[in-house]
Amino acid sequence: MTAKDLKNALLQEAVQGKLVPQIASEGNARDLLEEIRKEKLSHELDFANAKSGKRKSKKETALAGSNPCDITEYEIPFDIPENWCWCRLGELVYNHGQKTPEQEFSYIDIGSIDNEHQRLNKKENIITPDKAPSRARKIVFEGDVIYSTVRPYLHNICIIDKKFSKEPIASTGFAVMASTEVLFNKYLFYYLLSPIFDNYANATDNAKGVAYPAINDDKLYKGVVPLPPLAEQKRIVAAIEKFMPLIEEYGKKETELKALNEQIGTLTKKAILQEAVQGKLVPQIAAEGNAKDLLEEIRKEKLSHGLDFANAKSGKKKSKKETALAGSNPCDITEEEIPFDIPENWCWCRLGEICNEIKRGKSPKYADKSNFLAFAQKCNVKTGGIDLGLALYLDENSITRYSETDNLVQGDIVINSTGGGTMGRVGLYETQVPAGIKGVYPDSHVTVIRSIGNINQHYLYYVLKLNQPVLEKCGTGSTNQTELKPAVLADFVIPLPPLAEQKRIVDTIEKMLPLCEKLGE
C-alpha cells in the first residue's frame with residue numbers, strides 16, 4: 001500500500017466515524033447543526049446558500065428529523081454513527097465577500113499553496129493595487145479554509161494559519177470557507193481532502209469546462225458533509241494528526257525505495273544489454289555458423305549493389321587496405337578499439353560495414369497548403385521510440401527534395417545528431433505512417449541507420465542503445481553546434497554474432513527488459 005493509499009484510508013475511516021469511539025455525553029450533531037444555523041442567522045447569513053443573501057423558503061428552513069437538509073438517499077455515500085448527521089457544505093460555512101484592493105496587499109494565488117503538504121508558502125507575495133490581477137478579490141481571515149475550485153489543483157487547499165504583513169486577498173479561483181465556533185475548521189479541512197469529497201468535486205457532472213474544468217460554487221456548497229459533535233470532531237483531528245507524521249515518514253521511505261528500484265532497474269537493464277553484446281546472455285550454437293561468414297556475405301551483397309563496404313555513406317572506390325578481409329579482424333580494427341572479449345564465432349566490425357546507409361535528414365521548406373508530410377524530430381530517451389512532429393504543409397518544390405528512399409521505414413534506427421543535450425539519443429522507428437500523411441522523413445537533426453537485410457535491426461538498436469553515453473561524446477564542433485557526423489557513426493565498432501543468435505539475443509532481451517521497468521513502478 002502506498003503512502004497516498006494509507007492517507008486516503010485514514011481520512012475515509014475518520015469521516016465515517018470509525019477512527020475514534022463515539023461518546024454519548026458529547027451530544028448530538030443535530031443539535032450542533034441547529035446552533036450553527038442560529039449563529040449564521042444572527043449574522044444575517046443565508047443558511048442554505050453561503051453565497052446568497054436571499055430569504056429562505058419554508059422548505060429550506062425545515063430542520064426536522066435526522067435529515068434536516070433535504071438530502072436524498074442517493075446522495076448519502078456511507079453510513080454514519082447515530083449521533084452524527086448529514087448536512088450540506090453551504091450550511092456549515094460562509095464567506096466574507098470580495099473587494100478590489102486599494103492598497104498594498106498579500107496575494108494568495110493558487111500557486112501560493114504547497115499542494116503536497118497543503119500549507120501556505122512561507123514567502124508572501126506583496127502586490128500594489130495598480131498591479132493587482134483581476135482575480136485578486138476574495139477577502140480572507142486567519143482560520144479560514146481556502147479550497148481551489150479548479151480541477152487540476154483541487155488539492156491546493158489549506159487553512160489560513162498565519163498573520164500577514166499586509167491584508168491578505170485570495171484569488172477568485174478559491175472558495176473561501178469561514179466557519180462558526182461550533183465547527184472545527186481542521187475537521188472540515190480533512191473532510192475536503194478525503195477521497196469521498198475528492199470524488200464528488202472531480203466528478204464530470206460537477207467539474208465543468210474544457211481547458212480548466214472547475215466546480216462552481218453552487219455545486220461545491222451542495223456537497224454533503226458527515227457532521228459529528230464538536231468534541232468528536234476535535235478527537236478525530238487529534239487522531240488524524242497522530243498518524244499523519246508516520247504516513248509522511250512512510251512516504252519518504254517509499255520515495256527512496258522507488259528511486260532505488262529505478263536505479264536498480266536502470267543498472268539491471270544496462271547489465272542485460274552488456275551481457276547480450278558480450279555473448280553471455282544466450283548460449284552459442286555451432287550450427288548457427290560464424291559471424292565472419294555473415295560479414296563476408298554482407299560484403300559481397302554490398303559490392304554487388306556497388307556499395308562501399310567500409311563506408312555506407314560514400315560511393316568511393318576502396319583501397320587495397322580497405323578491401324583486406326583476412327583473419328578474425330577483417331575490418332582493420334585495432335586492439336585498442338576492442339573493449340571486451342567476444343565468443344569465437346562472433347567478430348568485430350564497423351557499423352558502416354553492415355549498413356546500407358547512414359545519412360542525415362533534410363530540413364523541410366514550408367509553403368502553401370498542398371501536401372502533408374510528418375517529420376521525425378527527436379528520439380525519446382525513455383521509450384527508445386521516435387517522436388513525430390506535427391504534420392507540416394509543403395509545396396511541390398519542397399516535396400522534390402525528398403526521394404522515396406528518404407522516407408522512414410519500420411525498423412530504421414534513428415540517432416539525434418546535433419547538440420543541445422539530446423545528441424546521441426537512439427530510437428527505433430516502428431510507427432506506421434499516420435493516416436493522411438504522404439511520408440515520414442527525418443529532419444536535419446536526425447541521422448538514419450538502415451542495415452542490410454541479413455542483420456537484425458533490433459539487435460543493432462540494442463548495441464547502440466548500450467553505447468548511447470559514448471555516442472553523446474562523439475560529436476565534433478562546428479560554427480553553430482556540436483554534431484554527430486555519419487562518418488563518425490560509420491566508424492563505430494560493433495560486436496557481430498551470427499544472424500540466428502542475434503534473433504535469440506533480441507528475444508531474450510525483450511522478455512527481460514519489461515521486468516526491469518516494473519522495478520521502478
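Worth saying up front: this structure is predicted, and the values here are computed from it rather than measured.
- A donor-acceptor contact shorter than 3.5 Å is absent between the side chain of Arg504 and the backbone of Leu281.
- A search for salt bridge (charged side-chain N to carboxylate O under 4.0 Å, His left out) contacts involving Lys503 returns Asp507, not counting sequence neighbours.
- A side chain to side chain contact (heavy atoms under 4.5 Å, CB included) with Cys158 is found for exactly one of Asp114, Ile113, Ile108, namely Ile113.
- Checked for salt-bridge contact, Glu337 and Arg350 meet the test: a charged N lies under 4.0 Å from a carboxylate O.
- In plain terms, the two heavy atoms of Gln278 and Pro343 that are nearest each other are O-CD, 3.5 Å.
- Thr149 places a side-chain N or O within donor-acceptor distance of the main-chain N or O of Gly173, the cut-off being under 3.5 Å.
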Show your working on side-chain contact (heavy atoms from CB on, under 4.5 Å) between Val224 and Ile76 and close with a plain yes or no.
-> CA-CA 8 Å; Val224 295; Ile76 296 174; over 6 Å; no

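- Looking only at side-chain heavy atoms (C-beta outward), Asp491 and Leu351 stay at 4.5 Å or farther from each other.
- Counting only distance, with no hydrogens or angles, the side chain of Asn121 and the backbone of Ser112 share a donor-acceptor pair below 3.5 Å.
- At least one side-chain heavy atom of Ile157 sits under 4.5 Å from a side-chain heavy atom of Val145.
- Judged by distance alone, the side chain of Gln118 and the main-chain N or O of Asn115 form a donor-acceptor pair under 3.5 Å.
- Just one of Ile358, Leu471, Ile449 meets the side chain to side chain contact (heavy atoms under 4.5 Å, CB included) condition when paired with Phe492; it is Leu471.
- When all heavy atoms of Tyr461 and Gly427 are compared, the pair lying nearest together is CE1-C, 3.8 Å.
- Proximity of Lys270 to Leu466: side-chain heavy atoms (C-beta onward) are separated by under 4.5 Å at one or more points.
- Residues forming a side-chain contact (heavy atoms from CB on, under 4.5 Å) with Asp5 (at least two apart in sequence, or on another chain): Met1, Thr2.
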Should Glu288 and Asn345 be marked as a side-chain contact (heavy atoms from CB on, under 4.5 Å) after you check the CA-CA gap, both sets of side-chain angles, and the distance that decides it?
-> CA-CA 9 Å; Glu288 290 177 348; Asn345 64 332; 5.7 Å; no

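- Leu294 has its side chain out of reach of Trp346: every pair of non-hydrogen atoms, C-beta onward, lies at least 4.5 Å apart.
- The two residues Ile505 and Pro497 make their nearest non-hydrogen contact at CD1-CG, 4.1 Å.
- Taking each heavy atom of Arg360 and Glu483 in turn, the nearest pair found is NH1-OE1, 3.0 Å.
- One N or O on the side chain of Asn156 and one on the backbone of Ile110 form a donor-acceptor pair closer than 3.5 Å.
- Closest of all the heavy-atom pairs between Arg235 and Pro21 is NH2-O, 2.8 Å.
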Could you check Leu499 against Tyr459 for side-chain contact (heavy atoms from CB on, under 4.5 Å), going step by step and ending with a plain yes or no?
-> CA-CA 10 Å; Leu499 184 58; Tyr459 170 75; over 6 Å; no

Give the C-alpha distance, both sets of side-chain angles, the deciding distance and a yes or no for side-chain contact (heavy atoms from CB on, under 4.5 Å) between Glu353 and Ile298.
-> CA-CA 8 Å; Glu353 297 178 289; Ile298 294 171; over 6 Å; no

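- Heavy-atom minimum distance, Leu428 versus Val414: N-CG2, 4.4 Å.
- Using a 4.5 Å cut-off on side-chain heavy atoms (C-beta onward), Tyr200 and Ile215 make contact.
- Contact check for Ile455 versus Leu496: side-chain heavy atoms found under the 4.5 Å cut-off.
- Salt bridge annotation for Arg299-Glu296: present, with a cationic side-chain nitrogen under 4.0 angstrom from a carboxylate oxygen.
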Which pairs of donor and acceptor atoms, one on a side chain in residues 238-248, lie under 3.5 Å apart (sequence neighbours left out)?
{"from": "Glu241", "atom 1": "OE2", "to": "Lys186", "atom 2": "NZ", "distance (Å)": "3.4"}
{"from": "Glu241", "atom 1": "OE2", "to": "Tyr190", "atom 2": "OH", "distance (Å)": "3.0"}

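- Residues Pro77 and Phe197 form no side-chain contact, since every pair of their non-hydrogen atoms from C-beta on lies 4.5 Å or further apart.
- By the 4.5 Å heavy-atom criterion applied to side chains, Pro498 and Gln284 are not counted as neighbours.
- Aromatic ring orientation, Trp348 versus Phe340: tilted (interplanar angle from 30° to 60°).
- Screening Glu510, Gln502, Gln457 against Tyr462 for a side-chain hydrogen bond (donor to acceptor under 3.5 Å, both in side chains) leaves a single residue, Glu510.
- From Leu513, atom CG reaches atom OG1 of Thr508 across 10.5 Å, with rounding to the nearest 0.5 Å.
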